[in-house]
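Proteins get letters first, then strands, A, B, ... in listed order; numbering begins at 1 in each. Note: hydrogens, waters and symmetry copies are ignored here, and every other heavy atom, side chains too, is used.
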Protein chains: 2
Amino acid sequence: MTNIKDLAKMAGVSVTTVSRVLNEHPYVSEKKRMAVLEAIKATNYHKNINAVHLSKGNTLLMGVVLPFTGHPYFASLLKGIARIALEHDYKLVLFQTDYLESRELDALLMLKEKQIDSLIICSRACSLATIEEHLHYGSIVLCENIKREQISTTFVNHYSVFFEALEYLYQKGHQKIGYCIGRRSGSSSKKREQAYKDFLVKYDLHFRPEYIMDNCLYVEDAEKIIKELKTMEVPPTALLVTNDQIAAGVVTCCHNEGIAIPDELAIIGFDNQPIAKMMNITTIDIPHEQMGENLFLQAVGEEISHTEVKVKLIERGTV
Amino acid sequence: MTNIKDLAKMAGVSVTTVSRVLNEHPYVSEKKRMAVLEAIKATNYHKNINAVHLSKGNTLLMGVVLPFTGHPYFASLLKGIARIALEHDYKLVLFQTDYLESRELDALLMLKEKQIDSLIICSRACSLATIEEHLHYGSIVLCENIKREQISTTFVNHYSVFFEALEYLYQKGHQKIGYCIGRRSGSSSKKREQAYKDFLVKYDLHFRPEYIMDNCLYVEDAEKIIKELKTMEVPPTALLVTNDQIAAGVVTCCHNEGIAIPDELAIIGFDNQPIAKMMNITTIDIPHEQMGENLFLQAVGEEISHTEVKVKLIERGTV
DNA sequence: TTGTAAGCGTTATCAA
DNA sequence: TTGATAACGCTTACAA
């Protein structure tokens with residue numbers, strides 16, 4: 001493998017001069033530049049980027065932590081991140097955690113060891129304290145509604161979004177409203193639960209724990225939801241569903257089971273995915289790709305900021 | 001940032017000794033080991049991994065090239081790769097290409113510059129010759145039915161799978177069969193097209209170019225497909241659809257448009273995704289995650305191999 | 001405009 | 001069992 005020293009020897013110049021032409025720095029005579037360029041051609045030379053990293057102290061590598069990539073929410077986020085990363089000459093290192101904290105710690109370790117310059121955590125499993133301990137080694141940005149002085153965030157205000165969706169259903173005459181979420185322990189799920197409880201209090205409605213269904217992550221969980229609904233003595237008349245994929249599943253299952261939508265059951269999805277349009281599902285539009293871009297920019301930027309993204313209800317046929 | 005030299009000074013030993021305890025090499029007295037360990041604790045020391053990379057010449061980083069992660073096919077592949085990468089202490093660097101050759105070349109460049117040890121190309125846009133030029137810098141594996149001495153591959157035999165699906169439809173009485181694919185230029189699309197043409201010849205059927213619909217990548221393309229179908233004077237009675245997501249979209253559209261399935265239009269999807277089960281769509285099961293694992297193992301392994309994966313038809317209600 | 005030489009933080013070789 | 005010291009391949013003061 002030829003290196004910069006070899007080039008220098010071949011071109012009859014110093015390594016500095018070679019480095020200068022390699023990095024397009026000024027102060028190199030055309031003659032020497034040509035000589036170096038020729039040597040590069042002749043040897044099919046290319047940098048060893050690890051030496052560059054060691055020397056410069058950065059890698060232009062950005063870590064992205066997410067539970068899984070197949071999930072439409074994370075896929076959109078990732079797409080946004082990938083697009084802007086490309087523009088900024090960053091590459092992405094993927095940490096697929098399946099919500100395991102240990103995987104997240106792997107990512108944090110890579111930050112510590114300087115293999116990645118910064119880290120976007122799309123869904124956090126470890127403690128904030130752990131994050132803060134690592135802030136020292138590179139920037140870390142989060143995708144959740146948390147305001148710490150040292151950590152930039154881009155987030156949806158799940159509390160108010162959820163509350164507004166509930167109000168909308170209430171105005172449409174629904175008083176028995178259930179919802180399903182991915183994992184109850186997630187920070188957005190907690191906000192939603194709070195909104196839900198506050199909503200019940202506001203309208204003096206009865207709290208039924210069975211109306212909250214968790215572990216709804218994939219399309220196939222829709223069957224589980226409908227099955228549960230059918231066991232309830234007093235089933236809800238409306239459902240806020242984790243995301244549009246699952247909402248589509250729910251609509252399909254209702255079809256199969258002869259449950260009329262929206263008359264017997266109203267559905268609101270989240271994300272405004274194409275499938276929701278196709279199946280005429282009322283949903284809440286969330287600009288995930290744009291969120292991804294913003295996360296990236298926060299990660300490479302200097303200042304700390306907290307960006308709340310705007311969402312909007314798309315009224316369609318399932319309410 | 002404290003380094004190995006600092007530790008050596010603090011512990012009163014040489015850098016070599018420090019390196020030895022860091023890497024759990026033998027020949028270091030318990031006394032000195034302890035001293036070093038203490039220094040590590042005291043300073044909250046951690047390696048600069050880039051120096052390690054430079055010194056060792058590898059990075060434990062595997063590149064993964066794919067057009068987009070949101071697509072269920074690639075998401076499954078990625079999931080398989082991610083799972084096994086974890087076991088092998090590899091991290092993944094993602095190259096989301098959107099089928100742009102330039103992005104693929106980025107990945108190849110990183111291989112050249114030694115930032116990644118090897119590369120899995122899930123969907124190739126550049127020429128085989130280009131790939132072969134880079135083989136020298138690290139292993140590259142492909143996910144397509146191509147047999148070169150120097151390149152390992154894991155693939156589905158799209159020709160025979162497609163042919164068998166066509167035969168199945170023929171046996172069910174269909175003679176006017178159309179199909180849709182992602183991008184016509186892809187290597188698997190070419191195999192499918194060949195199978196399609198051979199099938200027509202075998203049964204002496206008329207070739208209608210409009211029965212081949214390309215650029216079907218997302219759910220929303222289903223609408224386009226149905227729209228096209230409705231403009232045809234002699235529409236097909238059966239459709240082989242790119243993947244189950246789109247098949248689900250097609251089924252939904254048919255529902256909306258009052259087209260009876262399977263009586264007016266039979267559908268076969270690909271991939272055996274959960275949505276296919278839920279919507280009772282006949283499909284072809286392809287073990288993507290397993291393919292991902294195999295690709296990874298080929299990438300880290302020494303020998304070249306060519307693995308054909310087995311698929312199977314899942315008979316359900318859309319044929 | 002050019003080059004020498006000192007880093008960057010490890011690992012590996014070899015002699016003791 | 002230990003430690004100098006030379007790689008690894010690049011960037012960057014600094015001097016000329």
At under 4.0 Å, does any side-chain N or O of [X] touch on OP1 or OP2 of [N]?
X: B:Ser55; N: C:dG9; value: no
X: A:Thr16; N: D:dT11; value: no
X: B:Lys5; N: C:dC8; value: no

Measure from [atom1] on [X] to [atom2] on [N] and round the result to the nearest Å.
X: B:Lys114; N: D:dG9; atom1: NZ; atom2: C1'; result: 12 Å
X: B:Asn58; N: C:dA12; atom1: CG; atom2: P; result: 10 Å
X: A:Lys47; N: D:dC8; atom1: NZ; atom2: C1'; result: 16 Å
X: A:Lys112; N: C:dG9; atom1: NZ; atom2: C1'; result: 17 Å
X: A:His25; N: D:dA13; atom1: NE2; atom2: P; result: 10 Å
X: A:Ile4; N: D:dA7; atom1: CD1; atom2: P; result: 18 Å
X: A:Lys31; N: C:dT1; atom1: NZ; atom2: P; result: 13 Å
X: A:Lys56; N: D:dA13; atom1: NZ; atom2: P; result: 11 Å

- Item | Closest-nucleotide ordering on DNA chain D, the 5'-leading residue of A:Val52 and B:Val15 | B:Val15
- Is there a donor-acceptor contact under 3.5 Å linking the side chains of B:Thr16 and B:Ser19? no
Ignoring the backbone of [X], work out which of [options] is nearest its side chain.
X: A:Tyr45; options: D:dT12, D:dC10, C:dA12; value: D:dC10
X: A:Thr17; options: C:dT11, C:dA12, C:dG3; value: C:dG3
X: B:Ala51; options: C:dG9, C:dG3, C:dT13; value: C:dG9
X: B:Asn3; options: C:dT2, C:dG9, D:dT11; value: C:dG9
X: B:Asn48; options: C:dT1, C:dG9, C:dG3; value: C:dG9
X: B:Leu54; options: C:dT2, D:dT12, D:dG9; value: D:dG9

- Task: Check whether the side chain of A:Ser19 and the base of D:dT12 form a donor-acceptor pair under 3.5 Å.
- Result: no
- Task: Classify the nucleic acid contact of A:Asn50 as base, sugar-phosphate or nothing, counting any heavy atom under 4.0 Å across all strands shown.
- Result: nothing
- The residue among A:Gln298, A:Glu308, A:His306 that forms side chain to side chain contact (heavy atoms under 4.5 Å, CB included) with A:Thr154 is A:Gln298
- Query: Distance under 6.0 Å and angle within 45° of the ring axis: does B:Arg183 meet both against B:Tyr99?
  - Reply: yes
- Message: Can you tell me if B:Glu113 has over 12 outside heavy atoms packed within less than 6.0 Å of its CD?
- Response: yes
- Quick one: are B:Phe68 and B:Leu217 in side-chain contact, heavy atoms under 4.5 Å? yes
